[in-house]
2 protein chains.
Amino acid sequence: MVFSRMRLNSCFTVARPTGPACTSDGPTGFSYHEALHLPVAATGPALTTSPSKISSMPQSPTGRPTLEDVARLADVSLGSASRALSDSSLVKPKTLKRVMQAVEQLGYVRNGAARALASRRTFSVGAVYPTLHNPAFADSIHALQQTLWGFGYQLVVASHEYVEEREYEVVRSIVERGVDGLILVGVEHDHQVFDLVRQRKLPLVLTWTLEQPPYGHTVGFSNRQAAYDLTRAVLAKGHKDIAVICGSREHNERARQRVSGTSEAMAERGLTLREEWIIEQPLSVEGGKLAMQRILAMGQRPTAVMCNTDTLAIGALHECRVHGIAVPDQMSITGYDDIVLASLTVPPLATVHIPTAQIGTFSARRLVGLIENRDLGEPPALNHEVVIRESLGPAPSTLQPEMKRGKLSGSARTVADS
Amino acid sequence: MVFSRMRLNSCFTVARPTGPACTSDGPTGFSYHEALHLPVAATGPALTTSPSKISSMPQSPTGRPTLEDVARLADVSLGSASRALSDSSLVKPKTLKRVMQAVEQLGYVRNGAARALASRRTFSVGAVYPTLHNPAFADSIHALQQTLWGFGYQLVVASHEYVEEREYEVVRSIVERGVDGLILVGVEHDHQVFDLVRQRKLPLVLTWTLEQPPYGHTVGFSNRQAAYDLTRAVLAKGHKDIAVICGSREHNERARQRVSGTSEAMAERGLTLREEWIIEQPLSVEGGKLAMQRILAMGQRPTAVMCNTDTLAIGALHECRVHGIAVPDQMSITGYDDIVLASLTVPPLATVHIPTAQIGTFSARRLVGLIENRDLGEPPALNHEVVIRESLGPAPSTLQPEMKRGKLSGSARTVADS
DNA sequence: GTGAAAGCGCTAACAA
DNA sequence: TTGTTAGCGCTTTCAC
């Protein structure tokens, strides 16, 4: 077993709930290593070797010990007990010690609801994502959660599965349950969402975008620019007939911006992104397959298909293999996001690297900064990066016989899949 | 815009917070479609077209309207207002209507902390996963969250990143913050975790396992059996020299069971799983690469490598390609989990299909059943399924020249990637 | 079916 | 530094 049950130390750091490894940004108090290893009074005396004076303390009607029980056992006032646990520097070491001892003996665990009600702080933040079922978002959530934990915040997550009407319900539900701040994806949200959040003055961070929102702050990158840059790379390979597979563009400015980034780059070359070559599908592997099926059924086919996410691209790639279409010889495919698997497909997927983890990390920092009204530093510019891999090849018409296989202008590179 | 601001209906269902699409399991009350579309009073009168009598209602010190404000405006008692929102069947339709009107006018949003404190229910559950950075877990969390939402519960997630000592901190922190139930992965947890949860009588569901825990219930499948079955399939291909790539087995009974399932199946054939061919690595693509590097550097190589997760397998597969090792001709590779991408690798990955989404769904149902003390039906037996795909081929020694490429005894099949 | 009132367990102001 | 006390906003008896 990892913990010494005898160890006497605090779960508590300054005005901050249990658990968090307060990073260097945190106020003074117990260090990470000192803190957090509070054992719990076992169910029966027989089960514990703790110094048993668990005694006949009168406890609250719920059965669980309350701070009042702790104070009584420690023979200090309620206030002192509260202070000891919230900010140990507010009480004498001796008081602290007695309180901690009582906490340990009783197996006391704070009541977050009471804390929240009295202090109007929940130390949790909400994050509503389009879906958790997307590696890029999962990565970001992962980083978000880890960073928040470091600051002492819990993460409440939910998703609306791209059903726009659900977002408000979801956000409302989360706000109702109580969070100190909120993270959403994109700038485009029902006005009710903004109204609700603004009315409550809830700190808000919008991710995955740089657009100016009617309320809140953003942490992200330019979807349009990323798509533009990637498209330039595609155009450089001589492609003129380009199709796009994207998610629904309605209510999703990210999808729209990616498409417009592409059409802008094409326009600069005097090319037009044909509307019938913009195919909307659910952002899944299956969606990619279906879209590619439609493309392959077309009379005139594009020579390059740019997918709005790697997941779509993987589906598209797979469909090509099924139909015996050689990628990139007969058709080039690009993705977007650069998920870990993008570099492992066959052929490896050309894509745009999106700083998913950074978005999570910096949105957490930004949000905590807003909540605690302290400066955690401006989030740096988050950059995308075009990653050329073998799924993007020269357009068939320009193909020289001798460079039929695997000849690339840029070398295939691997990013962030370590 | 999707919502009619004028719409007058409830956000509230019986004793259950806003939002959830109460499924058929829910008690009576507003239907999903009736519910939840409560607009919020906009910041300034100019911003809203609401029937403005927003008036000079004295509001609580926080600035936000409270139930008391609602009651006053509706001209009913606090109690009635509370009842109207918690269980509309407890008040007269007329009362309800007036309350709802007041709610709408004020843009009232319930205070979850106060609710939780008074009712001792938070309508949220905690889930602590090893990591969110694993498609199998992400799938499961996704299903979990969706199902919980249907029941009116919020999901608080956190991960311990396979650092066993962190789990207790994480669990404690979540419990402190307040949840009505808890979901963990596996049966093996520090006794402090069990002590804490047991002491608070917190409903507990352990997933991804069938082992009997000291406290709580399980929803899962047999890791040992799944590994056993897959190994039988490998053995049937004539492999005798089998290596295993797994995560750390310490504190992880799932990893141990998978390994022992393999060694048992081998033992039945009089084969031994060599300890030096059991390679522990972090459960990532990178871990799979590193492990395969080690294997390829060995004097005598195994003919089949069984990976404990698809992610590891994908890394291993990739490493083989990098080193020019043909899969499955020179080496067979299997995974575990059957993530969406398993069927899309080249060659497609033989693996065991794990009912990840079902685990999420049923653990949610089980937990809610425990919390609300109602019978939501016993979770059905969750079954794994061996999925033979091309990465598993005959052992090189038994290889007939004419079946060198792609000859399989079972046809490659695709599961659950639609 | 409704109103009045007593907490839920804690924090934070204020005195001492 | 410590103790006292008044709520935080809601649910839930308990009478009526």
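In terms of position on DNA chain C, the residue among B:Leu90 and B:Ala114 whose nearest nucleotide sits closer to the 5' end is B:Leu90.
For the pair A:Leu67 CG and C:dA12 C1', the interatomic distance rounds to 13 Å; values are reported in whole Å. The CG atom of B:Leu78 sits 12 Å away from the P atom of D:dC8 (whole-angstrom rounding). One atom, CZ of B:Arg64, and another, P of D:dG7, lie 20 Å apart when rounded to the nearest Å. Whole-Å rounding puts the B:Asn111 CG to D:dT11 P distance at 9 Å. Per the geometry, CZ belonging to B:Arg121 stands 16 Å off P belonging to C:dG9, to the nearest Å. In this structure, A:Arg177 places its CZ atom 15 Å from C1' of D:dC10, rounding to the nearest Å. Atom CG of B:Leu117 and atom P of D:dG9 are 12 Å apart (whole Å). Going from atom CG of B:Asp87 over to atom P of D:dT11 covers 12 Å, rounded to whole Å.
Without hydrogens or angle criteria, B:Arg83 side chain to B:Val91 main chain gives no donor-acceptor distance under 3.5 Å. Checked by atom type and distance alone, the side chain of B:Arg115 never pairs as donor or acceptor with a backbone atom of B:Asn111 at under 3.5 Å. Of the possible donor and acceptor atoms, one in the side chain of B:Tyr215 sits under 3.5 Å from a partner among the backbone N and O of B:Leu202.
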Pull out every protein N or O sitting under 3.5 Å from an N or O of nucleotides 13-16 of chain D, one pair per line with the distance.
unit_1: D:dT13; atom_1: O4; unit_2: B:Arg83; atom_2: NH2; d: 3.4

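Across A:Ala81 and A:Val99, no two heavy atoms sit closer than the pair CA-CG2, 4.1 Å. In plain terms, the two heavy atoms of B:Ala364 and B:Leu144 that are nearest each other are CB-CD1, 3.8 Å. Nearest heavy atom pair, residue B:Gln145 against residue A:Ser159, reads OE1-OG, 3.2 Å.
Closest to the B:Arg120 side chain, of the nucleotides C:dT2, C:dG9, D:dT2, is C:dG9. Counting only heavy atoms from C-beta on, A:Ser82 has its side chain closest to C:dT11 among C:dT2, D:dG3, C:dT11. Residue B:Lys92 places its side chain closer to C:dT2 than to any other of D:dG7, C:dT2, D:dT2.
Proximity of B:Thr66 to the phosphate of D:dC8: no side-chain N or O atom is located under 4.0 Å from OP1 or OP2. Of the side-chain N and O atoms in B:Ser86, one or more sit less than 4.0 angstrom from OP1 or OP2 of D:dT11. Taking only side-chain nitrogens and oxygens, A:Ser77 comes nearer than 4.0 Å to OP1 or OP2 of D:dG3. An OP1 or OP2 oxygen of C:dT11 is reached within less than 4.0 angstrom by a side-chain nitrogen or oxygen of A:Arg115.
With contacts defined as side-chain heavy-atom distances shorter than 4.5 Å, the pair A:Arg110/A:Tyr108 qualifies.
Ring geometry for B:Tyr153 against B:Phe123 counts as tilted: the plane angle lies between 30° and 60°, on a 0 to 90° scale.
Across all strands, B:Ser119 comes closer than 4.0 Å only to sugar-phosphate atoms, never to a base (heavy-atom distances).
No side-chain donor from either of A:Thr122 and A:Gln154 sits under 3.5 Å from a side-chain acceptor of the other.
Take B:Arg200 and apply the salt bridge (Lys or Arg N to Asp or Glu O under 4.0 Å) test, not counting sequence neighbours, and it matches no residue.
End-to-end axis angle of the helix from C:dG1-D:dC16 to C:dA16-D:dT1, using five pairs per end and rounding to 10°, comes to 30°.
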